2 protein chains.
Amino acid sequence: MEDAPNHPPPDLGHLPMLLGHALRRAQAAVLHEAQAGMAELDIRPAQHAVMQVLHRNPGLRQSQVSQALGIQRTNFVPLFDALERRGLVERRDVAGDRRAKGLFLTDAGTALLARLDRIQAEYEARLTARIGPDGKQTLLGLLARLSDPAFGPG
Amino acid sequence: MEDAPNHPPPDLGHLPMLLGHALRRAQAAVLHEAQAGMAELDIRPAQHAVMQVLHRNPGLRQSQVSQALGIQRTNFVPLFDALERRGLVERRDVAGDRRAKGLFLTDAGTALLARLDRIQAEYEARLTARIGPDGKQTLLGLLARLSDPAFGPG
DNA sequence: CATAATGCGTATGTAGCATAACTATTCGGC
DNA sequence: GCCGAATAGTTATGCTACATACGCATTATG
């Protein structure tokens, strides 16, 4: 027959009721959609986020950007290197502290960011369509409380 | 001073309003908590899930288990190998199909699973406490709709 | 000025996820 | 019965994410 072999779906027990499991699956699905959209531009979501932060905060130090995004300083380096090799961003020396590097978007980076933002808006809209605007707000609130216990019932 | 340097928090723009971003952070936080609980037993969440499925569905094939959990067949092998080396599970030949292997928990595996389930219940309760039982149900519903578009508004 | 702390970078290891290719076995059509 | 397609499992490999330890230059502190 079509594609329904003798696979009676296994009994997953209460696994679908576990937050970790549901989160993992949802995150995988969403990530997949995000990557599909940006794959043609060869930019990963984390890199896009970096570019967005730099657009609003030119000159930030690496440690500030990576901390703001929850990326480890050490893993930030190759991620940013790849962007710099493509001429989308650059490190400039900081006046007054010769250790630090200020991070900036180039013109090419700013241009690409505009395209990325448009793509992002599209799939964000697709996702929102699945749960409705209210659902999205509710979801964001719940996720924030899970991420950061300090959020309380806010 | 303590640990409040001259870091004025960067402007993240609408990044916190993005589902992908919020999901990634929440998933990282929850995964961290899960791993912390099971680290002492040297079992990872995916392995625990496999054991749970086998407990309810003894004799399942590898492809069925991995498909049910959203793991690729190919990555399932080393994951299961590790469990088998520890004597927690086993592969048995299947009558009627010499290609297939039926998967089973051993007694040791069943015993360990009980401990894992208890640990899991604990941190699941901790997580639920952060958002309330209603919040959890709402969250699970929204995540399911994100994961699987077919879920519709059902 | 010696020492600690900071900002950045390198090296390394592990886990997760994905693809291609292989063996053994079973199935389908003839 | 035989041959090609499909299936179950496995191996090999690469890439990304994430974590830790360490080193180097520079700056801050006492």
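Convention: sequence-line order gives letters A, B, ...; per-chain numbering from 1. Just so you know, these numbers use all the heavy atoms, side chains as well, and skip hydrogens, waters and symmetry mates. Remember, it's a predicted structure, so these values are computed and weren't measured experimentally.
Look at B:R24 and you'll find a side-chain N or O under 4.0 angstrom from OP1 or OP2 of D:dC18. For C:dG9, one of the phosphate oxygens OP1 or OP2 lies less than 4.0 angstrom from a side-chain nitrogen or oxygen of A:Q62. Contact between the side-chain N/O atoms of B:R98 and the OP1/OP2 oxygens of D:dG9 is not found at any separation under 4.0 Å. Between A:Q72 and the phosphate of D:dA19, there is a side-chain N or O to OP1/OP2 separation shorter than 4.0 Å.
Side-chain atoms of B:T74 lie closest to C:dT19 of the nucleotides C:dC8, D:dT16, C:dT19. Of the candidate nucleotides D:dA17, D:dA19, C:dC8, D:dA17 has the atom nearest to the side chain of A:R44. Picking from D:dA19, C:dG9, D:dA8 the nucleotide with the shortest atom distance to the side chain of A:K101 gives C:dG9. Nearest to the side-chain atoms of B:D97 among the listed nucleotides C:dC8, C:dT26, C:dG7 stands C:dT26.
Between A:G102 and A:A28, the one whose closest nucleotide on DNA chain C sits nearer the 5' end is A:G102. Summary of the strand contacts: A:R99 and A:P45 both lie near DNA chain D, and taking for each the nucleotide with the nearest heavy atom, the more 5' one is attributed to A:P45. Comparing B:G96 and A:A100 by the nucleotide of DNA chain C whose heavy atom lies nearest to each, the residue mapping closer to the 5' end is A:A100. With the nearest nucleotide of DNA chain D identified for both A:R73 and A:Q35, A:Q35 has the one nearer the 5' end.
More than 12 non-hydrogen atoms from other residues, nucleotides or ligands lie less than 6.0 angstrom from CZ of A:R126.
Figure legend: cation-pi geometry between A:R92 and A:F104, with NZ or CZ positioned under 6.0 Å from the six-membered ring centre and within 45° of its axis.
We find that NE2 of B:H32 is positioned 17 Å from P of D:dA17, with the value rounded to whole Å. For the pair B:L31 CG and C:dG16 P, the computed distance is 8 Å after rounding to whole Å. Rounded to an integer number of Å, the gap from A:D81 CG to C:dT10 C1' is 11 Å. What separates CG of B:D93 from P of D:dA8 is a distance of 16 Å, to the nearest Å. Taking atom CZ of B:R61 as the reference point, atom P of D:dG9 lies 7 Å away to the nearest angstrom. The separation between B:M38 atom CE and C:dA15 atom P is 13 Å, rounded to whole Å. What separates CD of A:Q47 from C1' of D:dC15 is a distance of 13 Å, to the nearest Å. Spacing between atom CZ of A:F76 and atom C1' of D:dA19 amounts to 17 Å, rounded to whole angstrom units.
Looking only at atom types and distance, the side chain of B:R73 has no donor-acceptor partner in the side chain of B:Q67 under 3.5 Å away. In this structure, a donor-acceptor pair under 3.5 Å is present between the side chains of B:H48 and B:D117.
Annotation for A:L69 and B:R24: closest pair O-NH2, 3.1 Å, computed over non-hydrogen atoms.
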